[in-house]
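Computed from a prediction, not measured in an experiment: that's the story for all the values here. Heavy-atom basis, side chains included; hydrogens, waters and symmetry copies ignored. Just so it is clear: chains get the letters A, B, ... in the order the sequence lines come, proteins before strands, and each one is counted from 1.
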2 protein chains.
Amino acid sequence: MHGNSSPDDKLEALPFGPFDPAQDRTLELGLRRWVHDQTGLDLGYVEQLYTFGDRNRDPMESEGGPRVISVAYLAFVRESRLSGAGNALWRDWYYFLPWEDWRSGRPAMIDEVIFPALRQWVRRARDSASRRESTERCDIAFGCGEALWTPERVLERYELLYEVGLAEESERDNQRKKMQPLGPKAVHERGDMSGQGLGCSMAFDYRRILATALGRLRGKVKYRPVVFELLPAAFTLSQLQRVLEALAGARLHKQNFRRLVETGGLVEGTGRMDVQTGGRPAEIFRFRREVLRERPAPGVGLPGLAIRQI
Amino acid sequence: MHGNSSPDDKLEALPFGPFDPAQDRTLELGLRRWVHDQTGLDLGYVEQLYTFGDRNRDPMESEGGPRVISVAYLAFVRESRLSGAGNALWRDWYYFLPWEDWRSGRPAMIDEVIFPALRQWVRRARDSASRRESTERCDIAFGCGEALWTPERVLERYELLYEVGLAEESERDNQRKKMQPLGPKAVHERGDMSGQGLGCSMAFDYRRILATALGRLRGKVKYRPVVFELLPAAFTLSQLQRVLEALAGARLHKQNFRRLVETGGLVEGTGRMDVQTGGRPAEIFRFRREVLRERPAPGVGLPGLAIRQI
DNA sequence: GTAATAGTGTCTTTCAGACAGTATGAC
DNA sequence: GTCATACTGTCTGAAAGACACTATTAC
């Protein structure tokens, strides 16, 4: 979700609100309250993500502003409800993290922009030890060499792109804190990557938060049936597959997927049929709550998620 | 780890410290600094856990004290280093959560104390809908009925015990906030469970934090090689198995465990042998870092972890 | 008929989970 | 020898991953 109460109007931002200890019994209730106040929406599934408190995450801090600590939450909202909800509007998250979307094949920017930049960055490392370490980091994050592309390493990838200078934010943040000494991690000399920014940048460290959320969700979907929070009570297997593919950012093998969720006891068919959409009518399925008792970690152990395309 | 800077001296507590935005660039660096200042320890592996901010988690709040927000972290410290480290001392976490330790079989207290209390609690539910819901919660958390005992549901179990009144903390907290209206979740009438407290209680909501940590670690160990942060660089497979069993709170099948970690590429043998400990000498193994590239989620998919004993 | 979507059957390989058994030390 | 720990071999059944194939709609 997107709220445009951002510092300057051009920047994309996540919705945020204050926490008022006097008013809200818990952090989560506080979240629900201000989301409701700002947008009229009542959140369903909500999960605490991570607490961000790095220095200068709010650029105003370098001009004497206070340190801002944000407790980030991940929440689901049905797209249909969003129209006319305050000043929030809908955004595909791959608009901000386009390299994460492999649904129509491996994104070209990975080979054309990211890999060259990573190689250049590795070459600029101070010594051979840090060069080796950097190579390993790149390999694991982006699945170079023998390594596989692992969908849930979203944050590792974003942080690498940020360090390399492929995220507009890194350029912006650097201008603001140029008086600050470099941390121990900055073992690379700075290169000029301006204009190479990938995906739409966001205010503050919001893109990092978004990356945290996507990574967490991709991981969680495997051992908890969170997908069903994103679907109506009744759905077809194709719908379920499309939602999972949107989360995973990859295509799934249709037949195996069907078998996985059906024989895995995650869903059950109702006898009913879907209204036609240009093909054979699909059966309507529903989530089998009982699976929570039967299996210790009921999720979709996404088949062939490690890179293989359909 | 245990720090005794607790409100009254009798209560067990987790170590904690203030966050000083002026001094610390990040929350994690702040953590490392005050742990060092208080105990002289330099933390190794550190992971942010969860941020706790419920009303009255600090009992002083009901007497006009401020709302305390705690960003909890999980960190590893080698036991040997702990002797004489400030006023911190070592505690087995099963001292606080004894029902979580199945290493010497199913703890008797589950059948003798917990199940009767849960059944009584379910019976006291207002209506049949909430009774059904409560039954399902108990089944899933504690593996009753057809459900399996799932080691990582530590927090769900603790919260249930707290609600049921089997945690001393719930009695204590209730006395302090008796003027407060009941939340929507309190659909059960209150029973008298005093004196039935299970495990050692802790100050504030620290036992909830501990339960969060154990649950998270049990989950994480399956898809990230965190175990090796708890072991020296060289170890025997038996040592590795013992550490994993301590985390999982369950016995693992020895032969399958060996095969799993060896053929899974998680460890590799050095030719060297261990000093004898009353049996055939064991080979010394080490962690194979390369596994991070080879497998998307390299961890120990703990074999037979779902209840089965050796 | 074609195009498009939905759904079935089956084969192979891999691996978890269990079995029993052997090897090398201390005593 | 016994006891204790370390390690090996193998069987079985359940899945993952891939194959080809049939079914029902709209046009």
Side-chain angles (χ1 to χ4, degrees), chain A residues 148 222-223 234-245 248 250-285 291 294-310, chain B residues 148 151 222-223 234-242 244-245 248 250-285 291 294-310:
Chain A
L148 298 165
K222 292 181 188 167
Y223 61 90
F235 48 83
T236 66
L237 292 186
S238 301
Q239 286 178 300
L240 176 59
Q241 183 173 350
R242 268 196 300 277
V243 174
L244 275 166
E245 287 176 339
R251 305 300 298 265
L252 305 176
H253 188 280
K254 192 170 87 169
Q255 296 90 322
N256 290 346
F257 170 76
R258 298 182 58 90
R259 187 187 45 188
L260 200 76
V261 296
E262 256 197 289
T263 71
L266 222 63
V267 298
E268 65 189 348
T270 66
R272 294 181 297 135
M273 289 293 165
D274 191 25
V275 289
Q276 293 80 341
T277 53
R280 171 173 171 177
E283 187 173 2
I284 307 269
F285 284 77
V291 79
E294 296 161 4
R295 284 169 46 188
V300 189
L302 302 175
L305 227 171
I307 216 162
R308 255 167 291 289
Q309 296 297 303
I310 39 160
Chain B
L148 298 166
K222 293 182 186 166
Y223 62 91
F235 49 83
T236 66
L237 291 186
S238 301
Q239 286 178 302
L240 175 58
Q241 183 173 350
R242 268 196 300 277
L244 275 166
E245 288 176 338
R251 305 300 298 265
L252 305 176
H253 189 279
K254 193 167 88 168
Q255 294 93 320
N256 290 345
F257 171 76
R258 297 181 60 88
R259 185 187 45 187
L260 200 75
V261 294
E262 256 197 289
T263 70
L266 222 63
V267 298
E268 65 189 346
T270 67
R272 294 181 297 134
M273 288 293 163
D274 191 24
V275 290
Q276 293 79 344
T277 53
R280 172 172 169 177
E283 186 172 3
I284 307 267
F285 284 77
V291 78
E294 297 162 2
R295 284 170 45 188
V300 189
L302 302 176
L305 229 172
I307 215 163
R308 257 168 289 289
Q309 297 297 302
I310 41 161

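Under the salt bridge (charged side-chain N to carboxylate O under 4.0 Å, His left out) criterion, A:E283 pairs with no residue, sequence neighbours left out.
In this structure the side chain of B:F285 never reaches within 4.5 angstrom of the side chain of B:Q239, judged on heavy atoms.
B:P151 and B:A248 make their closest contact through CB-O, 3.9 Å (heavy atoms, listed as atom of the first residue, atom of the second, distance). Of all the heavy atoms in A:T236 and A:A282, the pair that sits closest is CG2-CB, 3.8 Å. Residues B:L252 and B:Q241 share a closest heavy-atom pair of O-NE2, 3.1 Å.
Nucleotides of DNA chain C nearest to B:R259 and A:D274 differ in position, and the one nearer the 5' end is that of A:D274.
With rounding to whole Å, A:E262 atom CD is found 7 Å from C:dT8 atom P. Computed from coordinates, the B:L260 CG to C:dT14 C1' distance equals 13 Å when rounded to whole Å. B:L237 places its CG atom 6 Å from the P atom of D:dC7, with the value rounded to the nearest Å. Distance B:H253 NE2 to C:dC15 C1': 15 Å, rounded to the nearest Å. One can place CD of A:E294 at 12 Å from P of D:dA15, the figure rounded to the nearest angstrom. In this structure, the NZ atom of A:K254 is 15 Å from the P atom of D:dT22, given to the nearest Å. Between A:Q239 atom CD and C:dG7 atom P the separation is 11 Å, expressed in whole Å. One atom, CD of B:Q241, and another, P of D:dC7, lie 11 Å apart when rounded to the nearest Å.
The CG atom of B:L260 sits 12.0 Å away from the NE2 atom of B:H253 when rounded to the nearest 0.5 Å. Rounding to the nearest 0.5 angstrom, the gap separating the CZ atom in B:R242 from the CG atom in B:L237 is 11.0 Å. Expressed to the nearest 0.5 Å, how far CZ of B:R258 lies from CG of B:N256 amounts to 11.5 Å.
Axis angle between the ends of the helix from C:dG1-D:dC27 to C:dC27-D:dG1, five pairs each and rounded to 10 degrees, works out to 0°.
Using a 4.0 Å cut-off, no side-chain N or O of B:S238 falls inside it from OP1 or OP2 of D:dT5.
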Collect all protein-nucleotide pairs involving nucleotides 25-27 of chain D in which both atoms are nitrogen or oxygen and the distance is under 3.5 Å.
none

- Check against side-chain contact (heavy atoms from CB on, under 4.5 Å), B:F257 and B:L244: CA-CA 10 Å; B:F257 171 76; B:L244 275 166; 3.4 Å; yes

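The side chain of A:Q255 lies closest to C:dT8 when the candidates are D:dA6, D:dA18, C:dT8. Which of D:dA6, D:dC19, C:dG7 sits closest to the side chain of A:R258 comes down to C:dG7. Closest approach to the B:N256 side chain among D:dA6, C:dA18, D:dA16 is made by C:dA18 (side chain taken as heavy atoms from C-beta onward).
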